[in-house]
Undergrad: 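Could you have a look at this structure, given as structure tokens, before my questions?
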Amino acid sequence: MQRISHGDAGAPARPPVRPPRLLAGTALVAAGIALANPAAAACADFLGATIPGDGTVTAAVSVPAGTFAAPDGTSWPNLPAFCRVAATLRPSPDSEIRIEVWLPEGSAWNGRFVGTGNGGYGGAIRYDELAGATQLGFATANQDAGTAPSTSGNAKALIGRPEKWIDFGYRAAHLMTVAGKAVVEQHYGRPHSYAYFAGCSFGGQQAFHEAQQFPADYDGILAGAPANNRTHLQMAGIANFQATRLNPAATIPPEKAPLITAAVVKACAGQAGGLPSDPYLTEPRACRWDPAELQCAEDAADTSQCLTPPQVGALRSVYDGARNPGTGALIYPGISRGSESGSTFDLPYLEGVGRAAIDEPQFPGLFYWVFGPNWDWKGFDFTRDPQLVDDVLAAVVNANDADLSPFRNRGGKLLGFHGWADPLVPPQEHVNYYSRVAATLGRGDQGAPGGAAAGAPGQVIQGPDDMADDAADAAAEPGRAALRQVRDFYRLFMVPGMGHCGGGPGPNQFFNGTASPVPPDPEHNALLALQRWVEQGVAPQRITATKYLGDQPAQGVAQTRPLCPYPRVARYRGAGDPNDAASFTCGPGGHYDNPQPAAEYLR
């Protein structure tokens, strides 16, 4: 693997080079585990062992069934007895990747392996990710992305440390996978039967890196709200901050965010799927609501229930997305209408006001990596600086390669999901990536009888409420013929009313990559739906999402609603309980604009 020089702390970093795809094995690590007692594979025997990734096991503990008190202070109930293996991997002189592998004991193990993702900039093990899959019987691994002492939101500690950028970008998740599989085989005396990856946000970014760069690592990948176009996503955060904070008069106070969402929902709910009574939008792209509809009258003495002209202009910019001011080219799409409030990472969070009061954009770390400790968001030049950032980091952190044919051709399945009310990672770019994959595979399959993506033998890709309306889909939106080819191995489920990886006013629980209270079956649990697709060839036709009262499962179910494979949407059958998923069918969606970033912003 090509290395990059650390160089002088104040010198510009050299552009890293993305490694080639690895289809079998890897040149990055040595195979096997060196145990003090090679004949035994009991849990305690792992302590001190060397493992792939230049790693050493630092803890190996048998955990009894029940509730596990994690080192981060969280507690996770309903776990089987498991062997907890913790290790540190050091693939470079400046690497320190911490991983954990949880191994259900005895018959609790279902014979499968799940690698899981992290969030933000990593920096700590995600015990919610480990608990979620372990509860379902999977041997499960997680990693901290190798970014400590950075935290999820603050990565300034990695200035001048390019090896850690590589760990963050793709190396930590891949080496966790290699090491985790080796630990599984050693402990159980046999390899896993299938391997899956599950992650959301940065975890979704890691999921896309796995599918693109290491297509042999996993049989199935669950990728939520992927931050895969990472450098440009963070540029959108700067654009939002400049629009709302450079001029204090343009800042939208937190109490106005619910006012905006209420106006959007009143104008657009039920326009394209769902019901007019829904407190969220099923298809935000159908909504043309303009902030000027809330603009204050010129003589208004009280502006608490309206938007001032500078606030109207700022909100329009946030909806429009980040652009090159010289060419007008789109750098990254804007937030969806209806996502301004109602979830943790809302418009006030993006502005850095209210409970999340800060004086710089969220997650600014990678700009400090490129420009040094004195970088200031106010001076970011959207004409010049995007290329400077991409020259250093795009090859390492971005996962924009739309050619997934190596992953598809070996039988891999990719199940994506994204909340339509997610302002932190605007969902339109996930739709864009899905369309780019379809177009790329369509070009590659030209001339192949029936298209090379026609489906694996015995795979079920049709059925009641599935894709029977192909002709209607194709007529509704140009390019849907290509989408019919890609959904053979890649299906995208857009989630109305869900915020970033969860939360929000809509049904938002379906195993979103972490521990989930939904029924453990393929109809309600996305990981199990993916497993059935991989192992039985039954493609997911719909997944039932659940909204709990107050988002607290103990309070009961408020609503269920089907999630439909894009571009289809949930439509009311005309009779039945509007809060019951059984009253809805997955029907054709409409034709809506989905502006793509310019090619130079897809590096």
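Along the sequence shown, the residues carry numbers beginning at 1.
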Undergrad: Got a salt bridge between Asp219 and Arg410, using NZ or NE/NH1/NH2 to carboxylate O under 4.0 Å?
TA: yes
Undergrad: Within the side chain of Lys181, is there an N or O that forms a donor-acceptor pair under 3.5 Å with the backbone of Asp217?
TA: yes
Undergrad: Aromatic rings Tyr349 and Phe363: how do their planes relate, parallel, tilted or perpendicular, breaks at 30° and 60°?
TA: tilted
Undergrad: Distance-only, no hydrogens or angles: does the Arg491 side chain make a donor-acceptor pair with backbone N or O of Leu414 under 3.5 Å?
TA: no
Undergrad: Do Tyr368 and Glu360 have side-chain N/O donor and acceptor atoms under 3.5 Å apart?
TA: yes
Undergrad: Judged by modelled atom types alone, do Asp144 and Asn118 share a side-chain donor-acceptor pair under 3.5 Å?
TA: no
Undergrad: Main chain of Ala70, side chain of Thr74: is a donor-acceptor contact present, judged purely on distance under 3.5 Å?
TA: no
Undergrad: Is the NZ or CZ atom of Arg230 both under 6.0 Å from the centre of the six-membered ring of Tyr121 and within 45° of that ring's axis?
TA: yes
Undergrad: Does a side-chain N-to-carboxylate-O contact under 4.0 Å join Glu100 and Arg126?
TA: no
Undergrad: Return the orientation label for the Tyr434 and Tyr566 ring planes: parallel under 30°, perpendicular over 60°, tilted otherwise.
TA: perpendicular
Undergrad: Compute both the distance and the angle, then confirm whether Lys413 meets the cation-pi test with Phe489: under 6.0 Å from the six-membered ring centre, within 45 degrees of the axis.
TA: no
Undergrad: Would Asp94 and Ser92 count as having a side-chain donor-acceptor pair, cut-off 3.5 Å?
TA: no
Undergrad: Do Phe113 and Tyr194 have ring centres separated by under 6.0 Å?
TA: no
Undergrad: Please answer whether the main-chain N or O of Thr56 pairs with a side-chain N or O of Thr50 as donor and acceptor at a distance below 3.5 Å.
TA: no
Undergrad: Hey, does the side chain of Gln143 reach the backbone of Met176 with a donor-acceptor pair shorter than 3.5 angstrom?
TA: no
Undergrad: Please tell me whether Arg285 and Gln428 have a donor and an acceptor in their side chains that are separated by less than 3.5 angstrom.
TA: no
Undergrad: Are more than 12 heavy atoms, taken from residues, nucleotides or ligands other than Glu535, located less than 6.0 Å from that residue's CD atom?
TA: yes
Undergrad: Quick one: sort the Phe345 and His500 rings into parallel, tilted or perpendicular, breaks at 30° and 60°.
TA: perpendicular
Undergrad: Can you check whether Tyr196 and Tyr218 have ring centres sitting under 6.0 Å from each other?
TA: no
Undergrad: Centres of the Phe510 and Phe493 rings: under 6.0 Å?
TA: no
Undergrad: Can Arg603 and Asn400 be counted as having a side-chain donor-acceptor contact under 3.5 angstrom?
TA: no
Undergrad: Are Tyr490 and Phe407, when compared by the centres of their aromatic rings, separated by less than 6.0 Å?
TA: no
